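One-based numbering, in listed order, for ligands and for the atoms of each. The model shown is predicted, which means the values in this text are computed figures rather than measured ones.
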Amino acid sequence: MLKNSADLLRMRLRSIRQTIPVAERQQLSVQLCAKLQEWFEARLLARPLIGHSEPEIVAGFWPLADEPDLRPLLRHLHSQGTVVALPLMIKKDHPLEFHVWRPDDPLIPGNFGVMEPVRGEVLQPTILLVPTLGFTEQAARIGYGGGYYDRTLAQLSQTGQPFTTIGIAWDQGMIHKEEGYEPEAHDYPLDAVLTPSGWTPDMPPA
Ligand SMILES: Nc1nc2c(c(=O)[nH]1)N(C=O)[C@@H](CNc1ccc(C(=O)N[C@@H](CCC(=O)O)C(=O)O)cc1)CN2
Ligand SMILES: Nc1ncnc2c1ncn2[C@@H]1O[C@H](COP(=O)(O)OP(=O)(O)OP(=O)(O)O)[C@@H](O)[C@H]1O
């Protein structure tokens, strides 16, 4: 797809997202967190049964204005002993780094108004919650166009360590077949996308 038409699609998705009233967004974020928490609970129960004992490292994100707000879930996961990390932009056109976040940690304003964690040890997440502006029925993702997550996921996959990627989006981010959008070779497909109404295409295995 031409860069131009991807950018047009981004603009359209951004403006649709702005039309969701703030109060509705808050309610929808609560629904989304509840669905995600159910999945995490199933995962916590299943992992010891399939022989995994190492701690889970969950990469979340600190919401920008119109994004779903996962902060209550991130606090809950932390309180249960899960390591929670947030992304840090190191440099333009480079992969993101993930650093630990605890509920009382200060955050530092980075580029584009993103609140970032204090630098510590670089962590390798086992689960990534990926801010997602648009998504297809096969869980291809469109973000803001910086390519940060595509680079980051490509780099992570080279380590050979398994990880699960869950795009976090509004239902309004669904890109329908009729729109003719085709992901590009560098677009790293997600395992699934979760919106307030459910999973696309399917809930990832715990
Ligand atoms: N919450 C959040 N954190 C994130 C991302 C994200 O999409 N959301 N990122 C994903 O890669 C990385 C930061 N990359 C970004 C790249 C571009 C823009 C951007 O163009 N921002 C818009 C404002 C967006 C809005 O408020 O809706 C701008 O400045 O015009 C933002 C983040 C890492 N952290
Ligand atoms: N793995 C990669 N290696 C090198 N360049 C990449 C890689 N992935 C993406 N890019 C470059 O980044 C640019 C933006 O990519 P894309 O339009 O897919 O961003 P996005 O996924 O919407 O953004 P973001 O992940 O920051 O939210 C593209 O021009 C692409 O060439």
Novice: Around ligand 1, what residues show up once you keep those with a heavy atom under 4.0 Å from it?
Specialist: Arg14, Arg17, Phe61, Trp62, Leu64, Glu67, Pro87, Met89, Leu96, Phe112, Val114, Pro131, Tyr144, Tyr148, Tyr149
Novice: Output all residues satisfying side-chain hydrogen bond (donor to acceptor under 3.5 Å, both in side chains) with Gln124, sequence neighbours left out; order by chain, then residue number.
Specialist: Thr159
Novice: Heavy-atom distance to atom 1 (N) of ligand 2: which of Arg141, Gln155, Arg151, His94 wins?
Specialist: Arg151
Novice: Under the side-chain hydrogen bond (donor to acceptor under 3.5 Å, both in side chains) test, which residues partner Gln172, sequence neighbours left out?
Specialist: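 So Gln172 forms no side-chain hydrogen bond (donor to acceptor under 3.5 Å, both in side chains) with any residue.
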Novice: Quick one: side-chain hydrogen bond (donor to acceptor under 3.5 Å, both in side chains) partners of Glu137, sequence neighbours excluded?
Specialist: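 side-chain hydrogen bond (donor to acceptor under 3.5 Å, both in side chains) check on Glu137 returns Lys177.
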Novice: Any non-hydrogen atom of Gly145 lying under 4.0 Å from ligand 2?
Specialist: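 Right, Gly145 reaches ligand 2.
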Novice: Give the contacting part of Asp187 toward ligand 2: side chain, backbone, both or neither, where contact means a heavy-atom distance below 4.0 Å.
Specialist: side chain
Novice: Run the numbers for me: atoms of ligand 2, each under 4.0 Å from some heavy atom of Tyr149, listed by number.
Specialist: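 Here the atoms of ligand 2 in question are 25 (O).
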Novice: Select one of side chain, backbone, both or neither to describe which atoms of Tyr144 lie under 4.0 Å from any atom of ligand 2, heavy atoms only.
Specialist: backbone
Novice: Between Asp191 and Thr165, does any side-chain donor sit less than 3.5 Å from a side-chain acceptor?
Specialist: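 Per modelled atom types, Asp191 and Thr165 side chains form a pair under 3.5 Å.
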Novice: Could you check which of Arg10, Lys92, His186 puts a non-hydrogen atom nearest to atom 9 (C) of ligand 2?
Specialist: His186
Novice: Mind checking whether Glu184 contacts ligand 2 via backbone (N, CA, C, O), side chain (CB onward), both or neither, at a 4.0 Å heavy-atom cut-off?
Specialist: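 Looking at Glu184 and ligand 2, no heavy atom falls under 4.0 Å.
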